[in-house]
Amino acid sequence: MIAEQAGAAHGERLLRHYIGGEFVASDITFNDVSPVDGSLVARVCEADEASVDRAVRAARAAQRAGWADSTPAQRAEWLHRIADGIEARFEDFVAAEVADTGRPFTQARTLDVARGVTNFRTFADLVRYAHGEYFETQTADGGSFINYVTRKPLGVVGIISPWNLPLLLLTWKVAPALAMGNCVVAKPSEETPGSATLLAEVIHAAGLPPGVFNLIHGHGSNAAGEFLTRHPQIDAVTFTGESRTGSAIMKNVADGVKDISFELGGKNAAVVFADADFDAAVEGVLKSSFTNAGQVCMCSERVYVERPIFERFVAALKTKTEALRVGSPEDPSATMGPLISHGHRDKVLSYFRLAVEEGATVVTGGDVPRFDDARDEGAFVLPTIWTGLPDTARVVTEEVFGPVCHIAPFDSEDEVVARVNDSAYGLAASVWTTHLARGHRVARRIETGIVWINAWYVRDLRTPFGGSKLSGIGREGGRHSLDFYSELTNVCVRVA
Ligand code: NAD
Ligand code: 6OD
């Protein structure tokens, strides 16, 4: 971890924590750097254990002071006010997201920040219509009872989010947690603190009661993230990130038997049948492999193509991939930005080398681009396609989380389903076919939390989102979020 004493020098931005309704600094700070050219974006405060403790206590106090007793309609109003605040500063959020990630402005506008607004509006609307359950019960001795189920907030929720879709994935948890009457302490990724700080500013300006939303910055292991998940006064932890980190957090929450919701890694497959709409499938796999430089948990890194169209498909995807333009956000023609950091690029480049060692044919990419300007200091890699590896190769089984895919041929439906399911992960899959029954049949047999047929990353926020196996625990989205962020109590009443 890069951490130093003292705050920001003159003219540098200092990103502070937001605790108990106030922006507070800490003595220790670290650098937030641009992945485009390594320049300093801001200095960021690193929360120590005492700061995390203050944030959790502020949240607990706010919970007791009335947030838990507010009505769904009141909380829905607050959420819409926050969404209004994001909209009012839309371009500031876009700039923060682009500065931290180097992604194209268009993506930040249409995906990241737009979803930040939608997350708040959706859960504002859903909470108004959240309902309980009701059952009538008769006992053998003639007694008659009604059972009804009430929802209460969990209390204080710790939220830990990753860097790949910073605002989207933070607000995807903050919005339903607040909607259900919880107070939160959120820790965004140390790589992307910018939009989270703006969210705190928006929430502050909206006048949310102090302590309802708290933000702490810092690193994860043996730092702010771990202090938060270990804190005895946290009632639940919701986490998005690597499977290995999920496992570490699980150990830390075990003592308190805290509720958890985990959205973790993936090694997702795309399956293209020979009867697919060819052009749509090529375009779909291009998106599913290379969107956000492959740094989306649902990206497909394994592509299976039915043998009769295999060669044609590889050639067509190669042509489209080579037409992608890697560049910085200032370049309006750039369709793919850098990876999040040099550290992550080192990891992706190690997989580039490993693929060659394992005997892959590099169809395209497999290297870094050369710009002959400041961008050569950035964390760019070329979108990369491999063929020729067995399913057991490490680059075909391990999550790379970069702009890569391995394409392999298959001969039958049964075979491809078995190969897709032969994975430690179970997050998402996409199936490309015009055979209606086959699409549904394959979707039922694939062991992932999400299956798209002739589509990829289409989201209706009422649907359950999450994965099986190493890809996570639980589901969020729609009523599944409302369920996770609330404690249910069954009340049983004798009526006769
Ligand atoms: P990461 O696990 O390294 O970090 C995520 C967050 O956890 C960060 O805020 C980090 O500071 C914190 N953290 C790290 N160690 C911790 C610890 N011991 N205790 C508490 N907090 C800790 O993940 P990342 O590199 O930021 O994100 C990429 C990964 O996230 C990929 O594996 C990707 O598949 C996964 N992801 C999954 C989903 C999903 O919905 N399933 C969505 C996005 C990303
Ligand atoms: O769109 C969403 O709701 C969601 N949870 C996306 C996850 C993306 C992973 O990178």
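Read the numbers this way: they start at 1 and go in the same order the structure lists the ligands and their atoms.
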Checking Tyr425 against Lys469 for the side-chain contact (heavy atoms from CB on, under 4.5 Å) test, could you report, in this order, the C-alpha distance in whole Å, the side-chain angles of both residues, the deciding distance, and whether it holds? CA-CA 5 Å; Tyr425 293 97; Lys469 307 185 203 172; 5.8 Å; no
Please check if any side-chain donor atom of Thr463 sits under 3.5 Å from a side-chain acceptor atom of Asp460, or the reverse. no
Going by distance alone, is a donor N or O of one side chain under 3.5 Å from an acceptor N or O of the other, for Lys173 and Thr238? yes
I need the atoms of ligand 1 closer than 4.0 Å to a non-hydrogen atom of Phe239, numbered in the order shown. 2 (O), 5 (C), 6 (C), 7 (O)
Residue pairs passing the ring-ring contact (aromatic ring centres under 6.0 Å, His included) test where at least one lies in residues 37-61, sequence neighbours excluded: none
Which option, [options], owns the non-hydrogen atom nearest [atom]?
atom: atom 41 (N) of ligand 1; options: Leu264, Ile450, Leu170; answer: Leu264
atom: atom 35 (C) of ligand 1; options: Cys297, Gly241, Ser243; answer: Gly241
atom: atom 8 (C) of ligand 1; options: Gly343, Ala248, Ser161; answer: Ser161

Centre-to-centre under 6.0 Å for Trp163 and Phe401, is that the case here? yes
Is it the case that ligand 1 has an N or O less than 3.5 angstrom from some N or O of Asn252? no
Mind checking what makes side chain to side chain contact (heavy atoms under 4.5 Å, CB included) contact with Glu190, not counting sequence neighbours? Phe30, Lys187, His219
Residues in side chain to side chain contact (heavy atoms under 4.5 Å, CB included) contact with Thr387, at least two apart in sequence or another chain: Phe310, Val314, Thr361, Val363, Ile407
Just do the side-chain contact (heavy atoms from CB on, under 4.5 Å) check on Arg57 and Arg54 with the steps written out, would you? CA-CA 5 Å; Arg57 285 178 195 283; Arg54 272 200 301 285; 5.8 Å; no
Decide whether the shortest distance between a heavy atom of [X] and an atom of ligand 1 is less than 4.0 Å.
X: Gly472; result: no
X: Pro188; result: yes
X: Phe262; result: no

Over 60° means perpendicular and under 30° means parallel, so tell me whether Tyr18 and Phe23 are parallel, tilted or perpendicular. tilted
Note: Ser481 and Pro176 closest approach over all heavy atoms is CB-CB, 3.8 Å
Would you verify that at least one protein heavy atom lies under 4.0 Å from atom 4 (O) of ligand 1, or report that none does? no
Sorted by chain and residue number, the residues having a heavy atom closer than 4.0 Å to an atom of ligand 2 are Arg115, Asn164, Leu165, Leu168, Leu169, Trp172, Glu263, Val296, Cys297, Met298, Tyr457, Arg459, Phe465
